[in-house]
Amino acid sequence: MGGPMLHKAKKWILSGATAPASKSVAHRMLIENGFILPTAKGFYSLLPLGQRVIDKLCRILDSEFQKSGAMKIGMPIVGTKQLWDRTKRWEAMGSEMIKFEDRQKAQLCLQVEKIWSTPTAEEMCTDLIGQLSPLKKSQFPVMLYQIGEKFRDEMNPRFGLMRARQFLMKDMYTFSLDSESSQKTYQKISRVYERIFGEQLQLADDLIKIDFNDFWGAKRREIRPGREAEGDQKGFCVYPRE
């Protein structure tokens, strides 16, 4: 009776490797139990078990946010200098922005995430909305999100996936008619995150919520587990922006 189940389990499990020394308990366990495998400093391959976890988390995010009225999209990870010049942030981002030229000498950048300061695809998403036919008032608020790979030039990659150089991130962009409706959307999205952590991930009794203003003056809320092992301080964090 156990034969088919054992075969199915073996299909997904690859032997874990020996984890390097790390203060992060989660980092060591993920490597030793066959979820991830380091390929270079700050870079990891997802093994079958790790990929299944990521796939399940993405399904939860899609389900909960689409129930709230959000729409999933996909945007390029590369932006043009012309687009970023319109918000005067091509130069303002300084060394945090990774810039390069293509074969035609067009100046481009990676729309990456530096948690505390650099935005992701605000310029591109706003431009996307601007190119559409005029929206009716009844269509607002417009809530768009994407889930995709991101890269950051992390100065000190450590703690495994918590401070990796490449990672999967969900980022969301909302458009409202006025500041009052924008605040309502912010609160609505915050409740979606709380439902995900509470009902879906069963972490409701072990969450700390911190409200603050970020570098740009926008309101944010950080949600993280209350009991954290040393090196795992960046556990689950979400940053809904107003």
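We're numbering straight along the sequence, starting at 1.
Formation of a donor-acceptor pair under 3.5 Å by the Q146 side chain with backbone atoms of M75 is found in this model. For the pair D85 (side chain) and K88 (backbone), a donor-acceptor distance under 3.5 Å is absent. Here the side chain of R163 pairs no donor or acceptor atom with the backbone of G42 at under 3.5 angstrom. Panel note: side chain S63, backbone R59; no donor-acceptor pair is recorded below 3.5 Å.
Within 6.0 Å of the CD atom in Q139, the count of heavy atoms belonging to other residues, nucleotides or ligands exceeds 12. More than 12 heavy-atom neighbours from other residues, nucleotides or ligands sit within 6.0 angstrom of NZ on K99. The 12-atom threshold is not exceeded at NZ of K136, counting heavy atoms of other residues, nucleotides or ligands nearer than 6.0 Å. Atom NZ of K72 sits in a crowded spot, with more than 12 heavy atoms from other residues, nucleotides or ligands closer than 6.0 Å.
In this structure S181 satisfies the side chain to side chain contact (heavy atoms under 4.5 Å, CB included) test together with S176, L177, D178, sequence neighbours excluded. Residues satisfying the side chain to side chain contact (heavy atoms under 4.5 Å, CB included) criterion with T87, sequence neighbours excluded, are R89, E123.
Annotation: the span from R52 atom CZ to L46 atom CG amounts to 13.5 Å, rounded to 0.5 Å. Summarising the geometry, atom NZ belonging to K170 is positioned 7.5 Å from atom CD1 belonging to I196; distances are rounded to the nearest 0.5 Å. Atom CZ of R103 is separated from atom CD of E101 by 14.0 Å, given to the nearest 0.5 angstrom. In this structure, the separation between CD1 on I60 and CG on D55 is 11.5 Å, given to the nearest 0.5 Å. Put simply, CE on M93 and CH2 on W84 are 6.5 Å apart, with the number rounded to the nearest 0.5 Å. One distance of note links CG of L161 with CD1 of I36; it measures 4.0 Å at 0.5 Å rounding.
Residue L128 comes nearest to L144 through the heavy atom pair CD2-CD1, 4.4 Å, listed as atom of the first residue, atom of the second, then distance. Between F175 and F140 the shortest heavy-atom distance is O-CD2, 3.3 Å. Pairing each heavy atom of C125 with each of Y173, the nearest pair is SG-CB, 3.6 Å. The two residues P76 and M124 come nearest to each other via the heavy atoms CD-SD, 3.3 Å. Considering all non-hydrogen atoms of both residues, I31 and P38 come closest at CD1-CD, 3.9 Å. Nearest approach of S68 to M143, heavy atoms of both residues: O-CE, 3.3 Å.
The closest side-chain heavy-atom distance from T80 to Q107 is not below 4.5 Å. Side-chain atoms of F151 and I77, non-hydrogen and from C-beta on, never get closer than 4.5 Å to each other. The shortest distance between side-chain heavy atoms of Y193 and E64 does not fall below 4.5 Å. Residues L168 and L57 form no side-chain contact, since every pair of their non-hydrogen atoms from C-beta on lies 4.5 Å or further apart. Residues P141 and T174 fail the side-chain proximity criterion, which asks for heavy atoms closer than 4.5 Å. Counting heavy atoms from C-beta outward, K150 and L110 have side chains that stay 4.5 Å or more apart. Between I147 and D62 there is a side-chain heavy-atom pair separated by less than 4.5 Å.
One finds no salt bridge joining E194 and R191 here, because no Lys/Arg side-chain nitrogen approaches an Asp/Glu carboxylate oxygen to under 4.0 Å.
Note on ring orientation: taking the six-membered ring where Trp is involved, the planes of Y44 and H27 are perpendicular (angle over 60°, cut-offs 30° and 60°).
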Practice problem: Take W90 and M97 through the side-chain contact (heavy atoms from CB on, under 4.5 Å) test and state the conclusion after the steps. | Solution: CA-CA 8 Å; W90 178 264; M97 177 181 284; 3.9 Å; yes
